[in-house]
Amino acid sequence: MASHPPISDLQQLRDTFQAELHNGMKFWLKFSHDEEYGGFFNCLTEDGQVYDTHKYGWFQCRQIWTYAYLYQNFDEFRTTEVLEAAKKGLQFVRDHLPMRHLSGHAQYRCYFAVTRDGKPYRIQRKPFTECFYVIALFEMGKVLGDESLKAEAHKVLAAYAHWLREDSSDLGAPVLEGQPPVSPLNKVMMLLSMIMLTVERDSAFFKEHAKWCVDRILQHSQGSYVLEILDKDLKPIEGSEGRLLNPGHAIEAGWFLLDYWQKFDSQNVDLLHTAIDKFVTAPMSYGWDEEFGGLFYFMDKDGFPPVHLEWDMKLWWPHCEALIACLMAYRHTGDAQHWQAFSKVADYSLAHYPDKKNGEWFGYLNRRGEVSQTLKGGPYKGCFHTVRCWALCVEHLDAIIAKQQQQ
């Protein structure tokens, strides 16, 4: 039978994640700030050298949100350096990311990448840069007491909901005869995440969209698995796309659901158990590599060869999401099995990802757990998943410790 951890173990892990937060942020504060043009260098080697000066919109915005969150919630980061970097980053993205030359909802589209001085470089047909633009604006609105930033965030959020629920033609993806309309888990869970971070419960937008997101996410649990893609009627589709599993996304959706439950629906015991059982415990089970440890990146539900060549790599971010989700599950239930799951992920992550010399975590391991790519930042890794994970783990462990001390 799984046992509960003593307070000393809780405190030790809390201090470990606090140290990771300190060392990781030391890396980003030292190497990523572009003092000449504003914003942040995204593409950094393991020791902080800039190997490409292009700036990727979603990580510009993620870093702004991260700085703003830490500034508000951690004394160590309530500094002029953090605030000024966030403000300069905000000015950069507001000046250079939005496609304001367009009209209607399309004017809220954002460039995926720009040059160092902000010239448009790349557009994606996916609205994820816009997601992080929303939370960056809103979080900085909270920091600065600027309601106009929050209002701008809500306009982009409304456009995202329009693209997801009504008409996605602004995104520029062609409509092909043989390609059925689909419901991807990641786009729905991102709408829920933005709502949780930026929208009041009594608002019309919350009432219209929050429960819709929750219900739709829950439908992605089909049998024993969380499917990444369903058709528009939330039914499985044929082929490898319909069998695609992404354990990291499923687990991240799980803690988004737990966050919604805690803040807005805490009397709903069924939602609590479904979020944990279907979206945390299940993908932790089928997604875990029993031979080498760690979570697989992609899987095929029926055991066919996954079409993604990187399917068996052990990426940093699914483990970050699993740390948060398992810890939340333990905090909200007191069930020791969730502590054991958290400990398993923590043991693997702390043994494989940290760069003890330079700070921050490596992001890309092969199946055996060996570092296969030494970059600390790039188009798809930056100052977000690790820092958010460390910060939330510290906060959840503080809450668990405080509760145990009161018992």
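Index from 1, following the sequence. All values reported here derive from a predicted model rather than from experimental measurement.
Side-chain contact between I276 and F279: absent, with no pair of heavy atoms (C-beta onward) separated by less than 4.5 Å. When side chains are defined from C-beta on, Y37 does not count as touching K88, because their heavy atoms never get closer than 4.5 Å. Contact check for I64 versus V93: side-chain heavy atoms found under the 4.5 Å cut-off.
In this structure, E241 places its CD atom where only 12 or fewer heavy-atom neighbours from other residues, nucleotides or ligands lie under 6.0 Å away. Within 6.0 Å of the CD atom in E310, the count of heavy atoms belonging to other residues, nucleotides or ligands exceeds 12. Crowding of K126 atom NZ: a count of heavy atoms from other residues, nucleotides or ligands under 6.0 Å not exceeding 12. In the displayed structure, L309 atom CG is contacted under 6.0 Å by at most 12 heavy atoms of other residues, nucleotides or ligands. Atom CD of E238 has 12 or fewer neighbouring heavy atoms from other residues, nucleotides or ligands inside a 6.0 Å radius. By the 6.0 Å contact criterion, CZ on R100 is enclosed, its count of non-hydrogen atoms from other residues, nucleotides or ligands being greater than 12.
Closest of all the heavy-atom pairs between M194 and C131 is SD-CA, 3.5 Å. In terms of heavy atoms, L323 sits closest to C389 at CD1-SG, 3.6 Å. Of all heavy-atom pairs spanning Y108 and A159, the tightest one is CD1-CB, 3.8 Å. Of all heavy-atom pairs between S183 and D231, the closest is CB-O, 3.7 Å.
Aromatic ring orientation, W65 versus Y69: parallel (interplanar angle below 30°, classes split at 30° and 60°). Aromatic ring pairs are classed by plane angle as parallel below 30°, tilted from 30° to 60° and perpendicular above 60°; the pair Y297 and W317 is perpendicular. Using cut-offs of 30° and 60° for the angle between ring planes, the W390 and W361 rings count as perpendicular.
Salt bridge D34/K55: present, at least one basic N to carboxylate O contact under 4.0 Å. A salt bridge between D75 and R78 is present, with a side-chain N of the basic residue lying under 4.0 Å from a carboxylate O of the acidic one.
For the pair K314 and F296, the distance from NZ or CZ to the six-membered ring centre is under 6.0 Å and the angle to the ring normal is within 45 degrees. A cation-pi arrangement, defined by a distance under 6.0 Å to the six-membered ring centre and an angle within 45 degrees of its axis, is absent between R367 and F292.
Side-chain atoms of R165 and H209 form a donor-acceptor pair, as typed in the model, at a separation below 3.5 Å. In summary, the side chains of Q63 and S32 do present a donor paired with an acceptor at a separation below 3.5 Å, with no hydrogens or angles considered. Q11 and D9 are not linked by any side-chain donor-acceptor pair at a separation below 3.5 angstrom, with hydrogens and angles left out of the test. In summary, the side chains of H319 and Y348 do not present any donor paired with an acceptor at a separation below 3.5 Å, with no hydrogens or angles considered. Looking at Y330 and H4, their side chains do bring a donor and an acceptor atom within 3.5 Å of each other. Between the side chains of D215 and Q219, no donor-acceptor pair of N or O atoms lies under 3.5 Å. Side-chain contact check for E152 and Y133: at least one donor-acceptor pair (N or O, by modelled atom type) lies under 3.5 Å. For the 3.5 Å distance criterion, the side chains of D170 and W163 qualify, holding a donor opposite an acceptor.
Among Y67, F92, F41, W28, the single residue meeting the ring-ring contact (aromatic ring centres under 6.0 Å, His included) criterion with H33 is Y67. Each of F112, Y111, F40 was compared with Y56 under the side chain to side chain contact (heavy atoms under 4.5 Å, CB included) criterion, and only F112 meets it.
Sorted by first and then second residue, the side-chain hydrogen bond (donor to acceptor under 3.5 Å, both in side chains) pairs with a member in residues 373-388 read E252-R388, E321-R388, D355-K376, E360-K381, E360-T386; sequence neighbours excluded.
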Does the pair D259 and K263 meet the rule for a salt bridge (Lys or Arg N to Asp or Glu O under 4.0 Å), with working shown? CA-CA 6 Å; D259 196 32; K263 294 175 179 176; 3.3 Å; yes
